[in-house]
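Everything on this sheet refers to the single structure shown next.
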Protein chains: 4
Amino acid sequence: MTSKFLNLHKEKQQRILNAALNEFANKGFDRASTNEIVKSAGISKGLLFHYFNNKKELYLFLHEYFIEILMKEFFTSEHFAERDVFERLKKIMISKSHLMKKYPEIFDFYMSAYIETSSEIKNELTSSHFDLMARSYSRIFENIDTSKFKEGIDMNKAIDIISWTLEGYGNQVMSGVKGLRNSEADFTREFAEADVYIDMLKRAFYK
Amino acid sequence: MTSKFLNLHKEKQQRILNAALNEFANKGFDRASTNEIVKSAGISKGLLFHYFNNKKELYLFLHEYFIEILMKEFFTSEHFAERDVFERLKKIMISKSHLMKKYPEIFDFYMSAYIETSSEIKNELTSSHFDLMARSYSRIFENIDTSKFKEGIDMNKAIDIISWTLEGYGNQVMSGVKGLRNSEADFTREFAEADVYIDMLKRAFYK
Amino acid sequence: MTSKFLNLHKEKQQRILNAALNEFANKGFDRASTNEIVKSAGISKGLLFHYFNNKKELYLFLHEYFIEILMKEFFTSEHFAERDVFERLKKIMISKSHLMKKYPEIFDFYMSAYIETSSEIKNELTSSHFDLMARSYSRIFENIDTSKFKEGIDMNKAIDIISWTLEGYGNQVMSGVKGLRNSEADFTREFAEADVYIDMLKRAFYK
Amino acid sequence: MTSKFLNLHKEKQQRILNAALNEFANKGFDRASTNEIVKSAGISKGLLFHYFNNKKELYLFLHEYFIEILMKEFFTSEHFAERDVFERLKKIMISKSHLMKKYPEIFDFYMSAYIETSSEIKNELTSSHFDLMARSYSRIFENIDTSKFKEGIDMNKAIDIISWTLEGYGNQVMSGVKGLRNSEADFTREFAEADVYIDMLKRAFYK
DNA sequence: TATGAATGAGTTTTCATTCAT
DNA sequence: AATGAATGAAAACTCATTCAT
């Protein structure tokens, strides 16, 4: 279906994808206007529907398309070389922050996709693409170095606590940093306190 | 303005409020249809606008109206009698779960309000009602018994970890329970594991 | 029909009439809102329709009611004592200007009535009330002193020219004076030039 | 913006313009219904708003569009070749009458535009298009042959009187002729009396 | 006499989608 | 492949009028 689209000039493809991404990211599925998309992509109304039969297919295509870009950069092997759970989760937290700075529109899009309430869309999303995200998510905890934990600790639960803590802390930081999106920050300063939390939990769970 | 509305038959009031609550909870501000609301409330189109001058006022009224119902039940004094931070947060977590079971539509409504992207609404919400919620939220950590913590622990950070953990755990449980919303569960079974997490953190932070 | 209305407290009558007059004067028949009228008259919706069965009857009643107030002051005998056509028309022009200053709303109302395009209203007006105005208008030229005109002059045409001239001049002046409505002007200054026009025509038509 | 519209089939353009012109001429801006316009133009509701973004733009477009048609025919150079003020004004009066017979709807439209009270429209009109009309109007008195006037006559005032007279006479005639709009009259008979008025004033003001 | 809740057809405008060119 | 004219259902909101109290 969309193979037609993929044969297009790369540059035109990008214009269309970016126009759509921004519109959906800003307004969500229902409020997004195909009129705005074609206008800011500089193509005709008919052409959009020539490639993607309808709004929904366009949305779903974007979801699939950009997930790859994100995943490719996010799940680099380097994270998984690190077998210490604290270090790995901290790296992932920071790496996620960098991605949010680099591709804010894509993150906005997925954020809006996550909370998408449009009944038309909701079902399709949960069943197909979020599955992928969920599966990828589980890789985060693969092949952790378990030898460092104290004896008698319920390791899965310890890892839960560690990841909830880093997630909570990450959210706190990022919500404070939002305004600074364009700054040159490399997040070293912003995430400095992370080590305090990490130490507290290391003392609790590590030998 | 809305005093007109409050003089109505209680039963009619409820029909209108529930119809609106459900529509907004399901679809968010923009997609919600006043047509649907009047249809499911069994009143005429004109009447809705007789009481609430426009869609926005109706939405804001709902926000204000249901917040009280929720707050009254949620912030009972009994939570704050408990000075042990673990016990208090566990009680609050369970109490929140009970409310979610009792008033799922109201929770859905506030969830959708929280992520509301409609620019018309966003500003009004953050400035007025969410302030109340934020202020109430901070009460959760008031007057905690600090004497139980180990010497040398950064207590605020410890409390952060505790609440992120219980929140994370609570979300995990509730997302698993969603389908069972109407069940008779009193959550004793569902939250049994909470104590494991609590013990792990108590051992880390308490004397 | 409206005898009900005339038995009301004079003060309440006035509140209603003024509220309606202003609304119609400002917005014309169609755009005038009965809601606004009852609000600014401080009465209930039902009551307005109790007295005047519908918007149209209210409008027609106003037309009839205020015409009398205006006519009574406008067609004072004093104008008609003056038999010199120039003097009479000048007096009438000035007298009209004074009325416009004294009752601007009533003039606005009749102005808007004159140009009323609402098909509902147009027919009723032309047939009944404007007839009265037309008949009254013809009195303006009654019993003129014809002895002053030059021999061989078509007197009716001369009078046409005189009245078109004074009307044209009056309109020119009043459109310039509009902003000054509330000033204390007695129009002596504003109409000073009238005498120049009058002299030019006297020289042409009078012996 | 409206260039889209001008690329349409001429015939369809005309259908739309005429439908709109008539509706606005009959009812004024506020009461005019876009529903009626599309119905009598035989197009869909959406199409009207595809070309003109909203009712106001449509109205303003009509104002601009028809003014040209009118102006082109009205301000022919032939009027201004005639330097005798009486002849020029008589020609203009007659020419105006012919236009009123030829394009009664356009005249009705501009009449209704002139008295338009809708606040949305009023400001836009006065500032732009009526300026043009005012400027064109002033051309009427340009380059008059002043040598014919008696010495000592205030020529500007004389011209005022002449034009008020011909205007007054013209209105009188046209209001009597209204019913006969479709007649074949070339107005020679109707305006025969004009010469009597003209002679009376010539005797007064000309050498 | 007086109220104001209630109606529903009406308003302008938006929007995804189709289709002849 | 590409255009953009065309559709019509749906949106929020208004308003004169009615009627039970």
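In the text below, chain A, chain B and the rest are named by the order of the sequence lines, each starting its count at 1.
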Nucleotide nearest B/Y51 (side chain, heavy atoms from C-beta), chosen from F/dA6, F/dA1, E/dA6: E/dA6
Stem segments of DNA chain E by first residue number [Watson-Crick or G-U, under 3.5 Å, at least 3]: E:2-21 with F:2-21
Residues forming a side chain to side chain contact (heavy atoms under 4.5 Å, CB included) with [X], sequence neighbours excluded:
X     : value
C/E36 : C/E23, C/K27, C/S33, C/K39
D/N54 : D/K56, D/E57
D/D30 : C/R31, D/E116, D/S118
D/Q13 : D/F5, D/L6, D/L8, D/K10

[X] [atom1] to [N] [atom2], straight-line distance once rounded to whole Å:
X     : N      : atom1 : atom2 : value
B/F52 : E/dA6  : CZ    : C1'   : 15 Å
B/E36 : F/dA9  : CD    : C1'   : 13 Å
B/F5  : E/dG4  : CZ    : P     : 18 Å
A/I16 : F/dA2  : CD1   : C1'   : 11 Å
B/K12 : E/dA5  : NZ    : P     : 10 Å
A/K39 : F/dG4  : NZ    : C1'   : 14 Å
D/R15 : F/dA5  : CZ    : P     : 15 Å
D/Y59 : E/dT12 : OH    : C1'   : 17 Å

Sugar-phosphate only, base, or nothing, as touched by B/L48 at under 4.0 Å among non-hydrogen atoms: nothing
Test ring-ring contact (aromatic ring centres under 6.0 Å, His included) applied to B/F107 - qualifying residues, sequence neighbours left out: none
With sequence neighbours excluded, residues passing ring-ring contact (aromatic ring centres under 6.0 Å, His included) with B/Y65: B/F61
Side-chain touch A/L47/A/Y51, heavy atoms, less than 4.5 angstrom: yes
Letter per nucleotide, 5' to 3', of nucleotides 13-21 of chain E [B base touched, S only sugar-phosphate touched, - untouched; heavy atoms, 4.0 Å]: BBBBBB---
Aromatic plane relationship, D/Y59 with D/F24 - under 30° parallel, 30 to 60° tilted, over 60° perpendicular: perpendicular
Set of salt bridge (charged side-chain N to carboxylate O under 4.0 Å, His left out) partners for C/E11, sequence neighbours left out: C/R15
